[in-house]
Amino acid sequence: MRTSSGPHGPFDRGHTEDLMSFLAASPTPYHAVASAAERLEKAGFRQVEETDAWDGTHGGKYVLRGGAIVAWYVPEGAAPHTPFRIVGAHTDSPNLRVKPQPDAGAHGWRQVAVEIYGGPLLNSWLDRDLGLAGRLSLRDGTSRLVNIDRPLLRVPQLAIHMDRSIAADGLKLDKQKHMQPIWGLGDDVHEGDLIRFLEEETGLGEGDVTGWDLMTYNVEPPAYLGRDRELVAGPRMDNLLSVHAATAALTAAAARDDLTHIPVLAAFDHEENGSQSDTGADGPLLGGVLERSVFARGGTYEDRARAFAGTVCLSSDTGHAVHPNYAERHDPTHHPRANGGPILKVNVNNRYATDGAGRAVFAAACDKAGVPFQTFVSNNAMPCGTTIGPITAARHGIKTVDIGVAILSMHSVRELCGADDPHLLANALVAFLEG
């Protein structure tokens with residue numbers, strides 16, 4: 001662990017309280033970007049449409065596309081070749097998503113057909129009270145967010161009396177057969193029931209909904225945990241914790257009048273299944289926004305090249321705190337701890353984008369913020385996950401550094417982090433964005 005001495009940033013435990021509200025208000029990527037946009041609007045940012053012509057005026061702007069958001073602040077007098085400082089994150093989390101033909105059931109139970117998104121810890125979804133949320137696409141070409149924030153569905157676990165092998169062999173779940181939630185009783189399956197229910201809940205007329213992107217979520221709210229409330233348990237910390245911190249950091253940096261570069265938030269969808277979409281990090285969204293910002297200020301391709309060459313991105317995603325019951329799964333010399341500050345993520349095979357020069361950038365930001373940081377490296381005998389970091393570096397030719405907050409229970413329906421780590425991360429991000 002590296003300690004630091006310097007002025008502390010603007011955020012304290014109140015930031016963690018706000019994170020808990022953000023998590024509760026953001027059951028899906030679509031809700032997460034709406035929540036981020038609401039915070040940006042309050043800070044004076046304004047939405048720009050991708051179909052409109054952009055101008056080169058200074059100030060805060062943002063683009064929404066599906067479950068992704070890119071926001072940036074242009075200081076007054078910024079030249080076309082002014083470099084960017086970017087915090088990248090992702091809005092999606094592993095979960096159970098509703099299939100195109102959702103109405104199912106058997107043996108007197110009404111069920112909803114779901115597909116597994118990403119790599120969830122399936123057992124954590126059993127016997128949870130689940131809500132349903134997402135985006136409804138309407139016949140008139142518009143869309144509407146929907147959130148049924150109450151116990152609506154449940155994936156019931158088989159009683160141990162029906163499968164004594166669990167005690168010896170452990171729980172084994174078939175993704176197709178065992179993960180379909182129930183939501184009522186009835187002998188007949190009526191096609192269209194679920195969508196008609198959602199139309200009624202949202203005040204729409206029957207037949208108004210012609211498309212949907214719906215997902216289940218645990219309705220239990222985030223909460224402090226532990227004797228001294230030094231931990232936070234909650235959903236979707238991977239990776240809304242970073243989205244929230246980056247949004248707060250961008251609004252704080254935008255209040256400065258001495259910025260020498262352009263601070264940016266880039267929160268993408270679909271990281272959990274490879275980032276290859278029009279709203280994913282492997283798509284054209286970020287590059288298009290940055291280029292249009294350069295050109296809107298009268299820049300040329302040369303200015304674009306100069307700006308990108310001086311740009312740095314912090315790819316902020318959650319990482320693994322040392323697990324007290326499985327410490328042997330971690331590298332013996334790298335044991336990140338909860339409330340030990342953000343982590344620098346390193347992998348020499350480029351599963352993370354960090355190199356020595358990137359480490360120096362992050363160390364300088366933490367030192368300026370007075371924030372300690374830790375380093376994460378995978379055990380050599382274990383495969384290493386990856387992030388949007390290497391994708392961002394390779395796609396845009398941008399210096400990228402992988403960082404984040406160490407948590408337990410990653411990809412569970414309910415994850416766990418230190419209560420101080422969210423605001424320590426946010427303070428480090430402010431220092432980075434300010435330069």
Can you sort out the partners of [X] under side chain to side chain donor-acceptor pair (under 3.5 Å), two or more places apart, ordered by chain and number?
X	answer
Glu272	His411
Thr354	none
Ser277	His270, Thr279
Glu415	none

Euclidean distance, [Y] [atom2] relative to [X] [atom1], rounded to 0.5 Å:
X	Y	atom1	atom2	result
Ile398	Leu290	CD1	CG	6.0 Å
Phe84	Ile262	CZ	CD1	4.5 Å
Leu130	Glu220	CG	CD	11.5 Å
Met237	Ser412	CE	OG	10.5 Å
Leu122	Lys172	CG	NZ	14.5 Å
Leu241	Ser316	CG	OG	7.5 Å

Quick one: does [X]'s side chain have a donor or acceptor within less than 3.5 Å of a partner on [Y]'s backbone?
X	Y	answer
Asp421	Val405	no
Thr16	Ala419	yes
Asn347	Arg351	yes
His334	His330	no
Arg395	Gly283	yes
Ser293	Val289	no
Gln180	Gln176	yes
Arg337	Val322	no
Lys345	Thr318	yes

*Quick one: salt bridge (Lys or Arg N to Asp or Glu O under 4.0 Å) pairs with a partner in residues 221-240, sequence neighbours left out?*
none

_Contact list for residues 101-118, test salt bridge (Lys or Arg N to Asp or Glu O under 4.0 Å), sequence neighbours left out_ = Arg110-Asp193

*For Thr375 and Val346, run side chain to side chain contact (heavy atoms under 4.5 Å, CB included): C-alpha distance rounded to whole Å, both residues' side-chain angles, the deciding distance at 0.1 Å, then the answer.*
CA-CA 7 Å; Thr375 304; Val346 178; 4.1 Å; yes

Verify the ring-centre separation between [Y] and [X]: is it less than 6.0 angstrom?
X	Y	value
His244	Phe22	yes
Phe376	His320	yes
Trp72	Phe45	no
Phe432	Phe362	no

*Please lay out, stage by stage, how Tyr217 and Leu96 fare under the test side chain to side chain contact (heavy atoms under 4.5 Å, CB included).*
CA-CA 8 Å; Tyr217 70 96; Leu96 312 179; over 6 Å; no

Apply side chain to side chain contact (heavy atoms under 4.5 Å, CB included) to [X] and list each qualifying residue two or more places apart in sequence or on a separate chain.
X	value
Arg256	Asp258, Leu259, Glu434
Gln157	Leu126, Asp127, Leu171
Leu158	Met162, Asp163
Lys399	Val312, Asp355, Ala357

Can you tell if the side chain of [X] reaches within under 4.5 Å of the side chain of [Y], non-hydrogen atoms only?
X	Y	answer
Ile391	Thr386	no
Trp125	Pro120	yes
Asp18	Arg39	yes
Leu416	Val232	no
Leu198	Val209	no

*Any chance you could lay out the ring-ring contact (aromatic ring centres under 6.0 Å, His included) test for Trp54 and Phe295, step after step, and finish with the verdict?*
CA-CA 9 Å; Trp54 293 4; Phe295 299 149; over 10 Å; no

*Above 12 or not: heavy atoms from other molecules or residues under 6.0 Å from CG of Asn380?*
no

*Those residues that, when tested against Arg164, pass salt bridge (Lys or Arg N to Asp or Glu O under 4.0 Å) (two or more places apart)*: none

*Which residues pass the salt bridge (Lys or Arg N to Asp or Glu O under 4.0 Å) test with Glu50, sequence neighbours left out?*
Arg65

*asked:* Check the orientation of Tyr326 and His323. Use parallel for under 30°, tilted for 30 to 60°, and perpendicular for over 60°.
replied: perpendicular

*Give the ring-plane orientation class for Phe308 versus His396, where under 30° counts as parallel, over 60° as perpendicular and anything between as tilted.*
perpendicular

_Between Arg150 and Asp129, does the salt bridge (Lys or Arg N to Asp or Glu O under 4.0 Å) criterion hold? Intermediate values first, please._
CA-CA 8 Å; Arg150 66 174 188 268; Asp129 295 334; over 6 Å; no

*Is any NZ, NE, NH1 or NH2 atom of the basic residue among Asp92 and Arg97 found under 4.0 Å from an Asp or Glu carboxylate oxygen of the other?*
no

*Presence of salt bridge, Arg135 and Asp213, under 4.0 angstrom*: yes

*When you look at Leu204 and Arg144, which way does the side chain to side chain contact (heavy atoms under 4.5 Å, CB included) test go after all the steps?*
CA-CA 10 Å; Leu204 295 168; Arg144 181 177 297 189; 3.5 Å; yes

*When you look at Ile195 and Trp212, which way does the side chain to side chain contact (heavy atoms under 4.5 Å, CB included) test go after all the steps?*
CA-CA 9 Å; Ile195 300 307; Trp212 52 88; 3.6 Å; yes

*Name the one of Ser35, Ser93, Ser21 that satisfies side-chain hydrogen bond (donor to acceptor under 3.5 Å, both in side chains) with Ser26?*
Ser35

_For a quick check under 3.5 Å, do His423 and Asp420 share a side-chain donor-acceptor pair by atom type?_
yes

*Candidate list Leu250, Leu424, Val87, test side chain to side chain contact (heavy atoms under 4.5 Å, CB included), partner Leu429, passing option*: Val87

